[in-house]
Every structure is written in structure tokens, then in C-alpha cells.
Amino acid sequence: MTPALLNHPITAQWPPQHPERLQLYSLATPNGVKVSIALEEMGLPYEAHTIRFEHNDQFHPAFLALNPNNKIPAILDPHGPGGQPLALFESGAILMYLAEKTGQFLPTDPAQRYTTLQWLMWQMGGLGPMLGQLGFFHKFAGKDFEDKRPRDRYVNEAKRLLGVLDKHLSHQPWMVGDAYTIADMAIFPWVRNLIGFYEAAEVVGWSDFPHVARALAAFLARPAVQRGLEVPRA
């Protein structure tokens, strides 16, 4: 094992077969596949390790040494800034790091760059959390609550956010015009999860958002996206 990885606790618990590669610790959730899709799109060599929630892997001391917030995804890059290893968590931060590391999918033009980051933050702070809450109240335990006001709150907010997205995409193919960026990689896994895993198409009125549906289909047609959605394998 390379010296860059040798001393990190996580490599003892999840030993890398390819220690020269970037190490990804994740699960095939919307937040997790953002990073695997980006790695596939960018062509970076990486090795994926499954963090199994059913085994409480996210609370293992070795994983907490990498991400004290006990969430996926997280990475350990043996070739970080200055040639030093970099441990990083939070999917948005990881996307920014990978884009800057490779010089891909984050425009260099300042206006386009900040527009990309704007929509990335929009996903991180709004779309992801709201759709996650909707999923809880619609598909999981929340559906049994007698008080439907929490469910309705998240349904209405999901509709509002999808409306913002649909209007934005009505005059351009991607979130930043013709440029496919890390903002798209962040947003569309959550939209896919909403109408797929959460089975919430009817409750949000999916047919009211044709431009989102068109962009989602284009996103899912990308070979790198198709590969990234399967990482890490269960």
C-alpha cells in the first residue's frame, strides 16, 4: 500500500486493491451516485467501497475518521493537492474538487462558473433535502401519520422546486446552457429518485414538468451516467 493511504484508519477496514487510485466510499443513493457519475464522466481511475447502512458501516470508527458526519459519499485521494493525500466528504464539495482536479465540467468563464455553483448549491440546500423528506412522508413511515400537514408541506415544496427547474430548462438543454456540468450531475439523480425509488410521480404531478423530463432522459442516456448509477455494486 502506498504511504499516502497506509496510515489512514479506513484503509485497514476497507483495504484497497488499487491503492494508487482514488478511493470512493459510498452507496448507490442520489448523493452517492453524484460522485460515481462524476468519476465515470471524468475518466478518473478509482476504486469503490460499499458502505452498508444495514451493517451500520457509516458509524464504524474507521469511516468516522474519514467523515465525522457519518454520511456517504466520502473519498480518499492519494494524489491530492501538492501530491498529498486528501480526505473529503460532502458530495457538493467532492464534485467541485473533482471538477477542478480534472479541469472538466466546471466552466472556466467566471460567470458560467458561478452559475454552475449556484445551481449546485440550490440542489444541496433545497432540492435534495426537500425530495428526501417527501420520500420519507410519501413512501416510508411518514405515510402512516394521521396529520398530513408535514407530507403536504414537502409535496408542495417539491412541486415548487420542480417548477423552478422546469422553467429554467424550458430554454436550454442543461442547467448552464449548452454546457453539461457538475450541477446536472447533482440535480438529476435526485429527480430520478423522486419518480423512481420514491414512486412520487403522481403526487407531484410529474406531467406538469416536461422540460425536466426531457433533461432527465438526456441525462440517463449518457453512458457514463448509466455506469455511475451502478456504483458501488451491492
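- For the atom pair R192 CZ and L216 CG, the distance stands at 8.5 Å (nearest 0.5 Å).
- Atom NZ of K71 sits in a sparse spot, with 12 or fewer heavy atoms from other residues, nucleotides or ligands closer than 6.0 Å.
- No side-chain donor-acceptor contact under 3.5 Å links Q13 to the backbone of F63.
- Of the possible polar contacts, none joining the E202 side chain to the A200 backbone as a donor-acceptor pair under 3.5 Å is found.
- Residue S36 comes nearest to Y46 through the heavy atom pair O-OH, 4.3 Å, listed as atom of the first residue, atom of the second, then distance.
- Residue-environment remark: CD (Q17) stays at or below the threshold of 12 foreign heavy atoms within 6.0 Å.
- Scanning both residues, L64 and Q58, for their nearest heavy atoms gives CD2-O, 3.6 Å.
- Counting only distance, with no hydrogens or angles, the side chain of N56 and the backbone of F59 share no donor-acceptor pair below 3.5 Å.
- A salt bridge is absent between R21 and E47; no separation between the charged side-chain nitrogens and carboxylate oxygens falls under 4.0 Å.
- With contacts defined as side-chain heavy-atom distances shorter than 4.5 Å, the pair H49/L24 does not qualify.
- Remark: the backbone N or O of M121 is not paired with any side-chain donor or acceptor of Q118 at under 3.5 angstrom.
- In this structure, M42 is a member of the same hydrophobic cluster as I37, with clusters built from ILVMFWY side-chain heavy atoms closer than 4.5 Å.
- Residue R153 qualifies as open at atom CZ: its count of foreign heavy atoms under 6.0 Å is 12 or below.
- Of all heavy-atom pairs between D166 and H211, the closest is OD1-N, 2.8 Å.
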Notebook entry, point to check: Going through the checks in order, is the side-chain hydrogen bond (donor to acceptor under 3.5 Å, both in side chains) test met by D184 and W119?
Noted result: CA-CA 8 Å; D184 302 293; W119 286 108; over 6 Å; no
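- Across every non-hydrogen atom of P9 and A65, the tightest pair is CG-CB, 3.8 Å.
- Under a cut-off of 6.0 angstrom, the local environment of CG in D178 is sparse, with at most 12 non-hydrogen atoms contributed by other residues, nucleotides or ligands.
- We find the CZ-CG distance between F89 and N69 to be 6.0 Å, quoted to the nearest 0.5 Å.
- In terms of modelled atom types and a separation under 3.5 Å, the side chain of H18 and the main chain of E20 share no donor-acceptor contact.
- Below 30°, between 30° and 60°, or above 60°: for F197 and F140 the angle between ring planes is between 30° and 60°, a tilted geometry.
- Between Q133 atom CD and L131 atom CG the span is 10.5 Å, to the nearest 0.5 Å.
- Under the 30°/60° scheme for interplanar angles, the aromatic rings of F219 and F188 are found to be tilted.
- In this pair, F209 and W206 present their aromatic rings tilted. The plane angle is within the 30 to 60° band.
- Of the possible donor and acceptor atoms, one in the side chain of H8 sits under 3.5 Å from a partner among the backbone N and O of I10.
- L106 has its side chain out of reach of L98: every pair of non-hydrogen atoms, C-beta onward, lies at least 4.5 Å apart.
- Interatomic distance, CG of L161 versus OH of Y154, reported as 12.0 Å (0.5 Å rounding).
- Y180 carries R222 over the face of its six-membered ring, with the cationic atom under 6.0 Å from the centre and within 45° of the normal.
- Proximity of D208 to L162: side-chain heavy atoms (C-beta onward) are nowhere separated by under 4.5 Å.
- Under the 3.5 Å distance criterion, the side-chain polar atoms of Q23 are left unmatched by any main-chain donor or acceptor of D77.
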Item checked: T29/V33 under side-chain contact (heavy atoms from CB on, under 4.5 Å): CA gap, chis, key distance, verdict -> CA-CA 6 Å; T29 66; V33 299; over 6 Å; no
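- Looking only at distances, a side-chain donor or acceptor of H168 sits under 3.5 Å from a matching main-chain atom of M175.
- K34 places a side-chain heavy atom less than 4.5 Å from the side chain of L95.
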Checklist line | CA sep, side-chain torsions, deciding dist, call: L88, L76, side-chain contact (heavy atoms from CB on, under 4.5 Å) | finding: CA-CA 6 Å; L88 200 61; L76 181 57; over 6 Å; no
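- By the 4.5 Å heavy-atom criterion applied to side chains, P232 and Y25 are not counted as neighbours.
- Of all the heavy atoms in T116 and F105, the pair that sits closest is CG2-O, 4.5 Å.
- In this structure, the side chains of L66 and I75 stay at 4.5 Å or more apart for every pair of heavy atoms.
- Taking NZ of K159 as the reference point, atom CG of D152 lies at 9.0 Å (rounded to 0.5 Å).
- Surrounding OH of Y114 are at most 12 heavy atoms belonging to other residues, nucleotides or ligands under 6.0 Å away.
- For I51 against L27, the heavy-atom pair with the smallest separation is O-CD1, 3.5 Å.
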Margin query: Applying side-chain contact (heavy atoms from CB on, under 4.5 Å) to L22 and L39, what does each step give before you reach the verdict?
Written below: CA-CA 10 Å; L22 183 147; L39 288 165; 4.2 Å; yes
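- Side-chain contact between P78 and Q84 is absent, with no heavy atoms from C-beta onward closer than 4.5 Å.
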Next item on the list: Go through the steps for M96 and I182 under the test side-chain contact (heavy atoms from CB on, under 4.5 Å), then give the verdict.
Entry: CA-CA 8 Å; M96 292 172 62; I182 56 173; 4.2 Å; yes
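- The closest donor-acceptor contact from the side chain of E90 to the backbone of G92 lies at 3.5 Å or more, if one exists at all.
- Between Q104 and E41, the closest side-chain pair of non-hydrogen atoms is not below 4.5 Å.
- With hydrogens and angles disregarded, a donor-acceptor distance shorter than 3.5 Å links the side chain of T181 to the backbone of A183.
- Between the CG atom in L229 and the CG atom in N193 there is a gap of 10.0 Å [rounded to 0.5 Å].
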